[in-house]
Amino acid sequence: MAVDDSSTDPARRPLPALSLRHVSKSFAGQRALADVSFDVPRGEITALLGMNGSGKSTLIKILAGVYEPDPGGILHVAGEPVTLPMRPAQAHAHGLRFLHQDVGLVGALSIADNFALAERFRTRGPFMAIDRRAQNRHVARALAFFGIDRDAASLVSALDPTTRTMVGVARAFQDQDDSAQSAEASFRKNILVLDEPTASLPAEEVGTVLRTLERLRAAGGTVIYVSHRTDEVRRIADRLLVLRDGRLVADQESQGLSSAAIVSLVIGRTFTPEARAERPQVQADRDAALTADGLSGRRLRDVGLQVRAGEILGVAGLVGCGRSELIRILAGAEQPTAGRMTVDGKPYAPEAPADALARGVSCVPQNRHVDGCVLPMTVRENLSLGRLRSFVTGAGTLRADAEHADAARLIADYSVKPADSARPIATLSGGNQQKVVVARAASRRGRVLLLDEPTQGVDALAKQEIATSIRALASGGTAVLLASSDFQELAALCDRVLVLDRGAQVALVEGDDISEERLTLLSTRAHAPAHLKEPT
């Protein structure tokens with residue numbers, strides 16, 4: 001897709017707040033960004049879009065001074081050249097402000113103290129003593145501008161997530177001079193980069209944050225807004241920048257674009273809601289291996305599902321949708337606040353993962369390094385974790401030959417390389433570590449297998465091999481629940497896909513209706529579509 005070059009015509013665009021030219025970034029010979037050039041107009045909200053792995057995070061980290069780009073890149077802020085690479089302090093000095101999903105506030109400190117962490121305290125006297133009254137007045141003015149009804153002395157830990165986000169925005173645009181003229185100049189000077197700021201917020205509270213950004217724009221503020229949610233982008237963005245595979249593929253005005261058109265730009269194919277792919281028919285008379293009804297938790301709200309023997313049920317959604325929380329509750333690693341579960345028709349309420357395993361429910365967690373592997377141990381020891389009783393004699397001694405033989409079989413079945421069970425698992429590639437984790441979970445031959453991002457961070461070959469293993473397990477009668485942010489993977493593997501958004505289920509897509517485009521569109525809507533189907 002051709003890039004709209006109107007950004008290079010100064011007669012058609014306002015003076016840019018930021019200009020980037022020919023910026024690239026490589027990691028171990030792999031291009032994460034390739035010759036990216038664009039302008040960010042002053043006083044506008046520019047949406048930065050792209051699927052996972054498109055290069056958005058890499059670009060943001062270059063602007064923040066965290067990553068060093070490849071030689072040859074050029075950056076101008078407010079018309080002034082900025083030498084790349086730069087340090088984070090230099091990015092801050094040039095007016096670049098960053099607000100991530102976790103906002104970066106310290107919960108144990110007050111709002112006023114958190115403001116001081118970004119700049120400095122107001123002081124008085126020859127010994128530069130902290131002037132608490134002046135600091136609180138300064139913070140109160142910023143809070144009032146953004147309509148934040150909180151006292152500057154309030155602890156951040158007492159704030160709800162939406163207020164934390166707005167406090168982060170207000171902090172980013174504070175200025176050392178407390179005059180009204182200086183505050184207005186700060187809005188015009190600084191550039192706020194928001195990375196998925198609403199991902200963890202309830203749908204009903206997103207509007208509060210968006211109204212804050214609209215007010216900021218009206219005061220002359222410049223915003224780069226990173227989001228997957230097309231409804232938010234359509235509401236607030238003046239312009240779209242779209243990255244795909246590290247390249248800028250679209251730079252255009254957002255006015256008049258539908259959600260489907262935005263999705264098409266992001267994925268690189270025309271989105272047609274009527275399109276159908278050939279899918280195997282789900283057998284409705286299969287036995288229900290695992291069910292959940294009215295399941296709620298920290299984020300989940302009234303989720304219901306049924307996984308049948310021999311099927312793969314996908315769980316789709318963006319960051320903060322509740323995918324991992326759902327897996328952890330079903331695996332006994334986290335407790336629900338409401339709801340009922342069954343396994344093979346009998347009540348199921350695991351208080352720990354061991355309880356789940358005893359009922360035939362195995363899990364591949366999202367973070368293999370933290371929850372999936374014991375890195376100092378060998379491949380064989382990792383494969384035996386949780387199953388050592390299978391290799392113990394009546395006298396209580398370990399049958400090492402049986403353990404070795406079992407490890408060799410799993411290594412061969414799951415194509416783990418190198419095929420050396422005595423090798424420390426920490427020395428394997430990420431893809432082969434993941435194969436070990438999948439093999440261990442599947443080796444229990446349980447009724448249900450829970451998979452949370454099973455191919456995240458693995459190479460293409462390992463991804464294909466893991467997918468083949470998942471299909472084989474389902475064909476053998478295992479009920480598989482596959483949670484993933486890779487919609488292409490879900491479309492290729494799943495019989496049905498449950499779509500979550502901010503903890504609530506918004507759709508159940510079945511058979512021929514499953515496609516990457518459809519899952520993307522459903523996941524980026526803040527409200528349930530009219531054709532919502534209840535899981536059965």
Side-chain angles (χ1 to χ4, degrees), residues 282-317 320-367 371-372 386 437-438 440-442 444-454 470 473-474 476-484 490 493-510 528 532-536:
V282 177
Q283 298 300 316
D285 59 352
R286 292 173 180 167
D287 294 335
L290 172 69
T291 70
D293 180 42
L295 207 60
S296 299
R298 292 178 295 105
R299 185 158 187 75
L300 290 181
R301 304 194 308 276
D302 195 30
V303 171
L305 59 86
Q306 180 185 88
V307 195
R308 300 163 184 156
E311 85 163 325
I312 303 175
L313 175 65
V315 182
C321 73
R323 290 189 319 265
S324 291
E325 183 183 358
L326 175 61
I327 295 292
R328 289 178 62 81
I329 288 175
L330 295 174
E334 198 166 317
Q335 296 303 303
T337 58
R340 299 181 301 277
M341 297 178 283
T342 68
V343 169
D344 290 332
K346 298 178 181 179
Y348 171 66
E351 296 183 358
D355 299 333
L357 290 171
R359 292 292 302 275
V361 180
S362 302
C363 179
V364 174
Q366 180 180 19
N367 192 327
D371 301 316
V437 178
V438 172
R440 181 181 65 223
R444 302 188 68 91
R445 298 182 177 87
R447 289 281 286 147
V448 180
L449 178 61
L450 309 173
L451 301 164
D452 191 0
E453 300 282 8
I470 293 171
L473 289 165
T478 301
V480 178
L481 185 67
L482 171 60
S484 177
L490 292 173
L493 286 174
C494 296
D495 301 299
R496 298 182 297 148
V497 179
L498 177 69
V499 182
L500 298 180
D501 183 26
R502 298 181 177 94
Q505 57 193 58
V506 297
L508 180 68
V509 189
E510 302 187 42
L532 170 66
K533 298 180 182 179
E534 294 294 336
T536 57

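Model, not experiment: these values are computed from the prediction. Heavy atoms only: backbone and side chains are in, while hydrogens, waters and symmetry mates are out.
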Test Leu498 against Val303 for side-chain contact (heavy atoms from CB on, under 4.5 Å), laying out the working first. CA-CA 10 Å; Leu498 177 69; Val303 171; 4.2 Å; yes

Taking it one step at a time, do Val315 and Ile327 satisfy side-chain contact (heavy atoms from CB on, under 4.5 Å)? CA-CA 10 Å; Val315 182; Ile327 295 292; 5.6 Å; no

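Considering only heavy atoms from C-beta on, Leu305 stays 4.5 Å or farther from Leu295 through its side chain. Annotation: side chain of Leu300 is not in contact with side chain of Pro336 (no heavy-atom distance under 4.5 Å). Within the 4.5 Å cutoff, the side chain of Leu493 has no heavy atoms near those of the Val480 side chain.
When all heavy atoms are compared, the tightest approach of Asp495 to Gly310 is OD2-O, 4.5 Å. The shortest heavy-atom contact between Ala292 and Met341 is CB-CG, 4.2 Å. A pairwise comparison of heavy atoms in Val437 and Gly372 identifies CG2-O, 3.8 Å as the closest pair. Contact record, Val307 with Ala479: CG1-CB, 3.7 Å, taken as the closest heavy-atom pair. Looking at every heavy atom in both residues, Cys321 comes nearest to Leu500 through CB-O, 3.6 Å. In terms of heavy atoms, Ala289 sits closest to Val448 at CB-CG2, 3.9 Å.
Annotation: the span from Leu451 atom CG to Leu313 atom CG amounts to 11.5 Å, rounded to 0.5 Å. Atom CG of Asp501 is separated from atom CZ of Arg301 by 8.5 Å, given to the nearest 0.5 angstrom. Considering CG of Leu450 and CG of Leu290, their distance stands at 7.0 Å, rounded to 0.5 Å. Residue Arg299 holds its CZ atom at 12.5 Å from CD1 of Ile329, rounded to the nearest 0.5 Å.
Of the possible polar contacts, none joining the Arg447 side chain to the Asp344 backbone as a donor-acceptor pair under 3.5 Å is found. Arg496 places no side-chain N or O within donor-acceptor distance of the main-chain N or O of Glu311, the cut-off being under 3.5 Å. When atom types are taken as modelled, the side chain of Asp293 and the backbone of Gly304 share no donor-acceptor pair closer than 3.5 angstrom.
Evaluated for a side chain to side chain contact (heavy atoms under 4.5 Å, CB included) with Leu449, the options Cys363, Pro454, Ser362 yield exactly one hit, Ser362.
In this structure, Thr337 has no side chain to side chain donor-acceptor pair (under 3.5 Å) partners at least two apart in sequence or on a different chain.
Screening residues 323-337 for salt bridge (charged side-chain N to carboxylate O under 4.0 Å, His left out) gives Arg298-Glu334, Arg323-Glu453, Arg328-Glu334 as the qualifying pairs, with residues at least two apart or on separate chains.
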Less than 3.5 Å apart, which donor and acceptor atoms pair up between the side chains of residues 347-357 and the rest of the protein, not counting sequence neighbours?
unit_1	atom_1	unit_2	atom_2	d
Tyr348	OH	Leu330	O	2.6
Asp355	OD2	Glu351	N	2.9
Asp355	OD2	Ala352	N	3.2

